[in-house]
Amino acid sequence: MLIELKNVCYTYGAGTVYEVSALDGIDLQIHEGEFIGVIGQTGSGKSTLIQLFNGLMKPTTGQVFFAGKDIWADGYDLRSLRTHVGLVFQYPENQLFESDVLKDVMFGPKNQGLTPGECEERAKEALRQSGIAEEFYSVSPFELSGGQKRRAAIAGVLAMDPEVLILDEPTAGLDPAGRDELLNLIKHLRDKRGITVILVSHSMEDVAQYATRLLVVHEGKIAFDSSPKQVFSHYRELEKMGLAAPQITYIMHDLRERGLRVDVTATTVSEAKRSILMALSEHRSLSTD
Amino acid sequence: MPSIIKAVKLGFDYVKYSEESETPEHVSAIRGIDLSVKRGDFIAILGHNGSGKSTLAKHINALLVPTSGTMWIDGIDTSKVEELWKVRQKAGMVFQNPDNQIIGTVVDEDVGFGPENLGVATEDIWSRVDDALSKVGMLGFRDRSPNKLSGGQKQRVAIAGVVAMHPDCIVLDEPTAMLDPNGRREVLEVIRDLNEKEGVTVLLITHYMEEVVFADHVYVMDQGELVMEGTPREIFSQVETLKKYKLTVPQVTELAYELKAAGVKLPDGVLTRQELVDALMPAADSGKVEA
Amino acid sequence: MGEIALGQYYPSNSILHKLDPRVKFIGTIVYIVSLFLVNTWIGYLFCAGFLIVMVILSRVPFHFILKSMKPVFFILVITMLFNLFLTPGEPVVKFWIFTISDQGISMAVRMGARLTLLVMGSSIMTLTTTPNALTDGMERLFSFLKVIHVPVHEISMMMSIALRFIPILAEETDKIKKAQIARGADFETGGLIRRLKSMVPLLVPLFVSAFRRANDLAMAMEARCYHGGDGRTQMKPLRYAGRDYAAYAILAAYLAVCIVFCWRHL
């Protein structure tokens, strides 16, 4: 087990009159190689949750373990934890600061105390994986296009060679092509490098397509924790939480209601297509009988 | 009736100085744009990042003036300096980042900012602000600090700020790009309301294909040019062409397109869930009819 | 969540809250002047009495006013100690190398009282006036400077924009800091030079963001027809009401009494 949260609570302004409970009694286990989608309304506590994973926030009560060790125990090296658990914040391009792209990506490895040679090697590898062409290495990060900036910033986290990559709405503000590119990049990292991915997203369609496991955070608690298919079968409860299921789920339910025997757990276009085609031919053969 | 927005062979070039090359580079951001928008229409403009959408939008509000061709707003040539404030009053503009366009430290003061600049009398400012805030459903928040609002609420305040200037048309440059789904829904509802109930001409620039389904007319931009134009149905029935311009279609449309490719009898450019289900059921029952 | 209380405004509906910001600004100046006019115990008592009446009228809980003392508490103590030990006069207490004179005690107490009343007095203004109203008030009060080409409107516009963006930039600083910590940055350890160097990954993005915001905001202002103060009307123009004139009268009377105290050495 990679990350484990035991009865974690987080309260903002604990001990003052402005106490706000952000997370309440979270028990959670994250295993190697998972692709976890995290959904929840703004203010549900999901941003707090992901910052607990790499020790940026300290739980008010409860424990956080990484690879079996309590990260808030005395003498635990939090800085090295952060290289194992990479966190990409929303609009990560806002953190770029160096005079050229390569140097910026080298910032993480440099903080790890690697030699300049190793740093450069890591940075180049990360940039390659993020799909930034070599001609841009010496360019100022501020001259890149929006999508490129985003990918360069992600490379900055990848260069630390993390085992877990947490991304907070990485596609926000990108155009459709940029969104697809980035999601495919993340999927690729998981498939090829075996990185455990935790993806916070507002797009049900995206998590349905990529995640193997889905966490629904609602009012500081984990409301659902299972496969996307199972979570989206509770779409009416999701709606009560201000969330929704992918469009496809609704179409499948509509069709089922009208008497077409489709698979209502389909959540992606390709699944839906297969199921509808099958149901259509079945429907015809039934009615001809 | 004359068009509210009209552009003929509109182009905008700028000079780019780079460190590497000695000679400045001439870049053409948009070119050869012909546009004619009817009063009261809901227009959507699609295009990937860097396709020139924002540059075009800034011409409508005279934040930029064309380097070639002409743009008219309600018959006024936007390049005429003496008409600048009139153009900006007639064509209001809402931007992407909700934080970077609210000037006031209190909601109602921000909405009053435009009318103040226009020199509207104090009592009239108050009635305009009340009216604009209630149209976007934010009247209850008038004494709040904008910093305490959600993204969707901030964007509605920004829209109210434009509405209070009594514009003929509103240009919205990716107003929902930085919002969560609920914020997006709120803002889109307000925009549709303004268009339908108040008859305000709307020009919406967006990346979200679902948002343009309700538009009267859609334009697609690529590399500084208008490359497609038509009703949402016409545009979304050309799935392959859209992909070429780095755009997608709504999931419903994509599913319908895939099913059709697999031989199911469906119309082109299915836009909504209801349409798809209605169209699929006869296809399902057609076996029965033939039998 | 990192909400920064700016200017410490305390919302209420008291008579002091309703007063025109110009009255409160001038009132605060008058009060500060009065504290330097009086020099006797009766005088200080009178000033303190006036302050207490104001506190009651403002309906701001007293601990909020005490809180305003927190940032200046250190200065207050230092000032009092300096006066206590360094004022020459008849020695009262003597130990090791320190001597405390009767003059010193009286001076220290007086300075302490003066400083306490001064800070509390001005905190009443900031507690009962929004930063925005204060900016407006100052724009109007100093509008006479326009004659000598001081850009009063522009300065006031800058101040109110700054007020709006300080919390946003503070939040942004926090975000960037966290993002860099997640990349292994260390802002806490090391000597002064190292710490200053470690600020670069924080400050560069912050400046970039501030400039982008400034650019966006300027465009948004232009798009809404902003073209400086000329021909501009006001949504909330400042107009004196009856209570404001009454307040001016009370202030004048108060100042007169203080002048009498000063003149008569009471």
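Proteins come first, then strands; the chains are lettered A, B, ... in the order of their sequence lines, and each starts at number 1.
Put simply, of B/Arg128, B/Gln96, B/Glu109, B/Glu123, the one with the most heavy-atom pairs under 4.5 Å next to chain C is B/Glu109. Counting heavy-atom pairs closer than 4.5 Å to chain B, the top-ranked of the candidates C/Arg212, C/Arg213, C/Met157 is C/Arg213. Of all the listed residues (B/Asp124, B/Ile102, B/Val106), the one sharing the greatest number of non-hydrogen pairs under 4.5 Å with chain C is B/Ile102. The candidate with the highest count of non-hydrogen atom pairs below 4.5 Å against chain C, out of B/Val87, B/Ile125, B/Leu118, B/Asn100, is B/Asn100.
Only the side chain of B/Leu63 comes within less than 4.5 Å of a heavy atom of chain C; its backbone N, CA, C and O stay farther away. Interface remark: B/Phe113 contributes backbone and side-chain atoms alike to the contact with chain C (heavy atom separation under 4.5 Å). Heavy atoms closer than 4.5 Å to chain C are found nowhere in B/Pro167, neither backbone nor side chain. Of the two parts of B/Asn61, only the side chain, counted from C-beta on, holds a non-hydrogen atom closer than 4.5 Å to a non-hydrogen atom of chain C. For chain C, the nearby part of B/Val129 is the side chain; its heavy atoms alone come within less than 4.5 Å. Neither the backbone nor the side chain of B/Val171 comes within less than 4.5 Å of any heavy atom in chain C.
Not a single donor-acceptor pair under 3.5 Å links the side chain of C/Gln180 to the backbone N or O of C/Ala185.
Note on B/Lys135 versus B/Asp193: no salt bridge recorded, every NZ/NE/NH1/NH2 to OD/OE distance being 4.0 Å or above. In this structure, C/Lys24 does not pair ionically with C/Asp20, as no charged nitrogen and carboxylate oxygen lie closer than 4.0 Å. One finds no salt bridge joining B/Asp110 and C/Arg164 here, because no Lys/Arg side-chain nitrogen approaches an Asp/Glu carboxylate oxygen to under 4.0 Å.
Both tests hold for B/Arg184 against B/Tyr208: distance to the six-membered ring centre under 6.0 Å, angle to the ring axis within 45°. Cation-pi check for C/Arg195 over C/Phe187 is not met; the charged atom does not lie both under 6.0 angstrom from the ring centroid and within 45 degrees of its normal.
More than 12 heavy-atom neighbours from other residues, nucleotides or ligands sit within 6.0 angstrom of NZ on C/Lys236.
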